[in-house]
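Letters go in sequence order (proteins before strands), and every chain restarts at 1.
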Protein chains: 2
Amino acid sequence: MTIGSLAEATQTRVETVRWYEKVGLLPPPARSKGNYRLYGPEHLRRLSFIRRGRALGFTVEQIRDLLALADDRERSCGEVDTIARAHLADVERKLADLTRLASELREVIGQCGCGSVADCRIIEALSPLGEPA
Amino acid sequence: MTIGSLAEATQTRVETVRWYEKVGLLPPPARSKGNYRLYGPEHLRRLSFIRRGRALGFTVEQIRDLLALADDRERSCGEVDTIARAHLADVERKLADLTRLASELREVIGQCGCGSVADCRIIEALSPLGEPA
DNA sequence: CTTGACCCTGTAGTGACTACAGGGTGCATG
DNA sequence: CATGCACCCTGTAGTCACTACAGGGTCAAG
């Protein structure tokens with residue numbers, strides 16, 4: 001399996017696959033006589049894991065930890081749970097922030113009568129001192 | 001007003017103020033005889049505008065555009081409205097993404113009985129081929 | 001034997017800062 | 001007057017997770 005097929009199979013860019021190797025998430029594969037990377041099913045599994053983790057918003061560092069934990073099959077999965085819960089808490093914080101932000105934006109936009117900038121409510125809302133900047 | 005007081009007044013780091021100057025959001029202020037930056041109320045207004053915009057999630061480029069529009073007080077604020085609406089659409093897209101993500105995470109976490117990694121549901125959920133990585 | 005798709009390494013860029021290193025300034029205290 | 005300390009200066013490099021080349025090599029088909 002060349003890097004191109006692996007990338008296609010996992011919906012990843014070729015450069016990204018090489019980057020995962022460089023930062024140590026993906027082990028260096030064998031090389032062909034022409035120095036092409038040659039991947040096997042184990043690489044496909046591991047890269048799929050990484051991509052799924054990224055899609056769920058885990059950071060690369062979190063995935064590195066999860067991979068290390070996953071490799072040690074006897075270990076209790078309490079640490080895995082901890083990472084996942086911490087991440088969920090993070091996501092929920094961002095969600096709350098964005099929700100507040102969206103409603104503030106909607107309010108600001110709703111007030112704009114689209115006259116001239118001189119009395120634009122959006123510009124005013126951005127100028128906390130009351131005067132336009 | 002020194003950079004330190006300006007920074008404190010706007011809840012900004014000193015380095016960030018200098019960075020805004022470097023990228024052209026904040027005009028270079030006068031200097032003291034010891035080469036310290038000296039700011040006036042106009043700078044305070046402009047920096048407040050920038051910080052409020054950032055807090056609402058506008059990018060620096062969007063703020064640059066908004067500042068240019070705000071400076072031209074005769075212009076119709078249609079362009080301002082366009083930028084704000086585009087940004088709101090963006091925020092709402094992110095909100096939808098995060099909401100989906102959070103519910104996926106909650107589901108994954110809910111299934112984990114916290115036994116050994118070998119049958120951890122979280123690890124399994126990350127391994128789309130059915131086998132742990 | 002040439003074309004074109006693929007692959008290689010290495011470096012630089014993205015956004016919005018943050019974190020120094022290595023120095024200078026200004027004011028209060030001894 | 002000397003010293004200490006908080007503050008300021010410039011410039012560079014680091015963050016995160018990639019992305020985008022530049023400049024070259026490999027491989028299979030026609």
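Comment: A:E15 does not engage A:R18 in a salt bridge, judged by the lack of any side-chain N to carboxylate O separation of less than 4.0 angstrom. Of the charged side-chain nitrogens involved, at least one lies within less than 4.0 Å of a carboxylate oxygen, so that A:K94 and A:D90 count as a salt-bridged pair. The pair A:E92-A:R85 fails the salt-bridge criterion, with no side-chain N (NZ, NE, NH1 or NH2) lying under 4.0 Å from an Asp/Glu carboxylate O. Remark: A:E104 engages B:R52 in a salt bridge, criterion side-chain N to carboxylate O under 4.0 Å.
Residues B:K33 and B:E61 both approach DNA chain C. Their nearest nucleotides, taken by heavy-atom distance, put B:E61 toward the 5′ side.
Checking the phosphate oxygens (OP1, OP2) of D:dG25, no side-chain nitrogen or oxygen of A:R31 falls inside 4.0 Å. The side chain of B:T16 contributes an N or O atom lying less than 4.0 Å from OP1 or OP2 of C:dT18. Contact annotation: B:R54 reaches the phosphate of C:dC17 (side-chain N/O to OP1 or OP2, under 4.0 Å). Within the structure, a side-chain polar atom (N or O) of A:T2 is placed less than 4.0 Å from OP1 or OP2 of C:dC7.
A:Q62 places its CD atom 13 Å from the C1' atom of D:dC16, with the value rounded to the nearest Å. Rounded to an integer number of Å, the gap from B:F58 CZ to C:dA16 C1' is 17 Å. With rounding to whole Å, A:L38 atom CG is found 16 Å from C:dC6 atom P. A straight line from CH2 of A:W19 to P of D:dA17 spans 6 Å, rounded to a whole angstrom. Rounded to whole Å, the distance from CD on A:E8 to C1' on C:dA5 is 13 Å. A:Q11 has its CD atom 14 Å from the P atom of D:dC18, to the nearest Å. Summarising the geometry, the separation between CD on A:E15 and C1' on C:dT11 is reported as 13 Å, rounded to the nearest angstrom. One interatomic measurement links the two molecules: CD of A:E21 to P of D:dA17, which rounds to 18 Å at whole-angstrom precision.
Listed candidates were D:dC8, C:dA16, D:dT26. Nearest to the side chain of B:V60 is C:dA16. Checked against D:dT26, C:dT18, D:dT19, the side chain of A:Y36 finds its nearest nucleotide in D:dT26. With C:dC8, D:dA17, C:dG24 as the candidates, the nucleotide lying closest to the side chain of A:R18 is C:dC8. In this structure, of C:dC8, C:dC17, D:dG25, it is C:dC17 that holds the atom nearest to the side chain of B:R51.
A:R13 comes within 4.0 angstrom of sugar-phosphate atoms only, judged by non-hydrogen atoms across all strands, and of no base. Across all strands shown, A:Y20 has heavy atoms under 4.0 Å from sugar-phosphate atoms exclusively, and none from any base. Heavy atoms of A:R37 sit under 4.0 angstrom from primed sugar atoms or phosphate atoms, though from no base atom.
Residue A:E79 forms a side-chain contact (heavy atoms from CB on, under 4.5 Å) with just one option from A:L66, A:D65, A:L69, and that option is A:L69.
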